Amino acid sequence: MESTAGRWWAPGRVNLIGEHTDYNEGFVLPLALPLGMTCTAAVRPDGLVRLRSRQAPCDAIDATTIALGTAGWSELPAWTHYPLGVIREFERRGHQVPGVEIDLDSTVPIGAGLSSSAALSCAVAIALRDLFAPTVSAAEIIDIARTAENVYVGVPTGILDQSASMLCTAGHVLFLDTRDSAYEQIPFDLDRFDLSLLVFDTGSPHHLMDGEYALRRAECAAAAEQLGVGFLRDITDSALVDRLADPLLRRRARHVVTENARVLRIAEQLRAGADPRVIGPILTAGHASLRDDYDVSAPPLDTAVAAAVAHGAHGARMTGGGFGGSVIALVDSERADRVDAAVREAFASKNFDAPRTFTVTPVAGAHRLS
Ligand code: ADP
Ligand code: MG
């Protein structure tokens with residue numbers, strides 16, 4: 001029987017390591033969060049799209065009904081551009097959408113670097129797939145969701161967020177090579193080692209990142225060109241980076257090259273079944289690199305990392321693009337409360353708003369609920 005309605009879910013993500021590597025054709029290692037977007041959708045035969053979100057940033061326009069094929073979206077709230085972009089992409093690829101009713105309800109904090117946007121676009125995309133285009137593959141969904149963000153919203157993300165939301169599996173991190181999209185599920189069983197992964201949403205939004213992100217991409221492209229390679233991913237010997245004359249480009253390139261090496265080292269350790277405690281110092285080194293070489297950290301992020309590590313975390317780092325957003329910390333489960341309290345105290349002493357803390361385990365990626 002053809003499906004005409006249902007509920008779908010897609011998760012947000014944290015990236016364990018591999019920050020600012022995806023647009024350099026490098027490696028990433030995300031996991032899906034037990035926080036996600038629920039999309040309730042139903043076919044409409046009347047050529048209309050009705051969109052509603054419980055978290056719509058603007059209460060007054062929480063329900064938007066528009067005719068498919070409407071040219072101008074500019075007067076519609078910005079968040080509607082994600083689902084509308086997904087619909088447009090299905091249509092552009094030859095899949096007809098006769099009209100649809102979409103109700104959204106998310107537990108992913110918005111703008112916290114935990115990818116509420118990919119949770120939104122992926123949840124809508126799998127709903128449209130099941131309702132209108134059942135042959136569309138996961139790889140195409142990733143591309144549709146990413147294009148919705150890149151083209152229709154105007155955020156130039158790589159494939160990390162959408163791949164994590166679509167491909168992650170429970171109990172694993174996703175080792176993804178962004179050059180050819182090859183991936184591997186690597187066990188990340190924290191319970192077995194009495195470990196917990198804490199996520200601190202610092203509450204400082206990452207909007208400032210917009211211009212800086214484009215700048216970092218340009219700096220990486222310039223560094224790659226000067227080093228005679230297509231992408232910084234092609235540099236595996238970090239000593240080669242010293243050939244760059246410009247000290248700024250040298251620092252940028254050093255972050256990317258050493259970050260790729262860190263991802264590979266952690267993937268190797270976890271693949272071999274090592275106690276995840278051994279990856280802690282690599283996570284913290286990744287933070288230092290983002291802070292000192294890549295200049296994308298921010299005082300709340302540095303404060304959370306320093307407090308967590310000083311109070312017994314095995315490792316901690318900012319996650320996401322930076323300038324705000326979230327920090328992850330790998331801690332002994334029995335110390336989780338103490339580390340959390342230490343981060344809260346450090347925030348209070350600097351007059352930062354209290355962070356929101358989540359204890360997360362890797363869950364399955366996007367799927368249908370009913
Ligand atoms: P992040 O993905 O790190 O949370 P982004 O800036 O990439 O931050 O995406 C946040 C944007 O995604 C919001 O400003 C909004 O447009 C959209 N969004 C995310 N979740 C929701 C939601 N539940 N309802 C409506 N819009 C949402
Ligand atoms: Mg996002």
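These numbers were taken from a predicted model, which means no experiment stands behind them. For ligands, and for the atoms within them, numbers begin at 1 and follow the listed sequence.
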J.: For V155, which part has a heavy atom under 4.0 Å from ligand 1: side chain, backbone, both, or neither?
T.: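 Neither; nothing of V155 gets under 4.0 Å from ligand 1.
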
J.: Which ligand 1 atoms are under 4.0 Å away from a heavy-atom of G111?
T.: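 Answer for ligand 1: 1 (P), 4 (O), 8 (O).
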
J.: Is it the side chain (CB and beyond), the backbone, both or neither of S117 that lies under 4.0 Å from ligand 1, heavy atoms counted?
T.: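 Both of them.
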
J.: Please determine whether the number of non-hydrogen atoms from other residues, nucleotides or ligands lying under 6.0 Å from atom CZ of R192 exceeds 12.
T.: no

J.: Going by the atom numbers of ligand 1, which of them fall below 4.0 Å from some non-hydrogen atom of G113?
T.: 3 (O)

J.: Could you check whether F132 and F90 have their ring centres less than 6.0 Å apart?
T.: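 No, ring centres 6.0 Å or more apart.
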
J.: Are W9 and H367 close enough that their ring centers fall under 6.0 Å?
T.: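 That pair passes the under 6.0 Å test.
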
J.: Could you tell me whether I110 and ligand 1 have an N or O pair separated by under 3.5 Å?
T.: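 It does not: no N or O of I110 is found under 3.5 Å from an N or O of ligand 1.
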
J.: Under 6.0 Å between the ring centres of Y213 and Y23?
T.: yes

J.: Any heavy atom of M37 sitting closer than 4.0 Å to ligand 1?
T.: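 Yes, M37 has a heavy atom closer than 4.0 Å to ligand 1.
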
J.: Classify the angle between the aromatic ring planes of H255 and Y294 as parallel (below 30°), tilted (30 to 60°) or perpendicular (above 60°).
T.: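 Because their plane-to-plane angle lies in the 30° to 60° range, the rings of H255 and Y294 count as tilted.
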
J.: Decide whether an N or O pair under 3.5 Å exists between Q55 and ligand 1.
T.: yes

J.: Using a 6.0 Å cut-off, check whether atom CZ of R243 has over 12 heavy atoms from anything other than its own residue.
T.: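 No, not enclosed.
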
J.: Will you find, in the side chains of D332 and H314, an N or O donor that is under 3.5 Å from an N or O acceptor?
T.: yes

J.: With a 4.0 Å cut-off on heavy atoms, does L104 reach ligand 1?
T.: no

J.: Of all the atoms in ligand 1, which lie at a distance below 4.0 Å from a heavy atom belonging to W79?
T.: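 Numbered from 1, ligand 1 contributes 15 (C), 16 (O), 25 (C), 26 (N).
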
J.: Can E259 and T21 be counted as having a side-chain donor-acceptor contact under 3.5 angstrom?
T.: no

J.: Which atoms of ligand 1 sit under 4.0 Å from any heavy atom of S106?
T.: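 Contacts of ligand 1 toward S106, numbered from 1: 23 (N).
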
J.: Is a donor from one side chain sitting under 3.5 angstrom from an acceptor on the other, for T357 and D340?
T.: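 Present: a donor and an acceptor within the cut-off.
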
J.: Any N/O/S atom, side chain or main chain, of S117 closer to the Mg ion (ligand 2) than 2.8 Å?
T.: yes

J.: May I ask you to list the atoms of ligand 1 that are less than 4.0 angstrom from any heavy atom of S53?
T.: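 Near S53, the atoms of ligand 1 are 22 (C), 23 (N), 24 (N), 25 (C).
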
J.: List ligand 1 atoms under 4.0 Å from L114, heavy atoms only on the residue side.
T.: 3 (O)

